[in-house]
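Hydrogens, waters and symmetry mates are skipped; everything else that's a heavy atom, side chains included, is used. All values derive from a computational prediction rather than experimental measurement.
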Amino acid sequence: AVDYNKLASRLQLSLTAYSATGSLSLSVAAGRLSYSFGLKGPSLAIDTACSSSLVAAHAALSGLRLGHCAAAAVGGVNLQLIPDTPASFQKAGG
């Protein structure tokens with residue numbers, strides 16, 4: 001969402017109902033994906049930098065073990081659309 005928003009701003013693209021899904025926040029995309037696949041129940045976006053998928057899987061397993069849900073779906077995606085963020089991490093020694 002961050003890179004897409006930066007890219008759209010640089011290109012001066014106007015927001016539409018579809019582009020807003022990928023540029024406003026991580027939670028919007030998670031909710032839209034759940035809706036598109038017909039999933040019911042809470043939809044959650046987790047952003048922990050490098051461990052987001054692992055933390056999401058841990059949260060899903062915890063919910064299953066505690067009986068909070070009967071099923072869970074976990075997915076992870078990382079797109080680097082522009083070099084700003086990786087370049088700043090490199091400068092910081094990350």
Distance-only donor-acceptor pairs under 3.5 Å for side chains of residues 53-79, two or more places apart:
residue: Ser62; atom: OG; partner: His58; partner atom: O; Å: 3.0
residue: Asn78; atom: OD1; partner: Gln80; partner atom: NE2; Å: 3.1

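The salt bridge (charged side-chain N to carboxylate O under 4.0 Å, His left out) contacts involving residues 67-94 comprise Arg10-Asp84, where partners must be two or more places apart or lie in separate chains.
A donor-acceptor contact shorter than 3.5 Å links the side chain of Ser43 to the backbone of Ala30.
Partners of Asp47 according to the side chain to side chain donor-acceptor pair (under 3.5 Å) rule, which considers only residues two or more places apart in sequence or in another chain, do not exist here.
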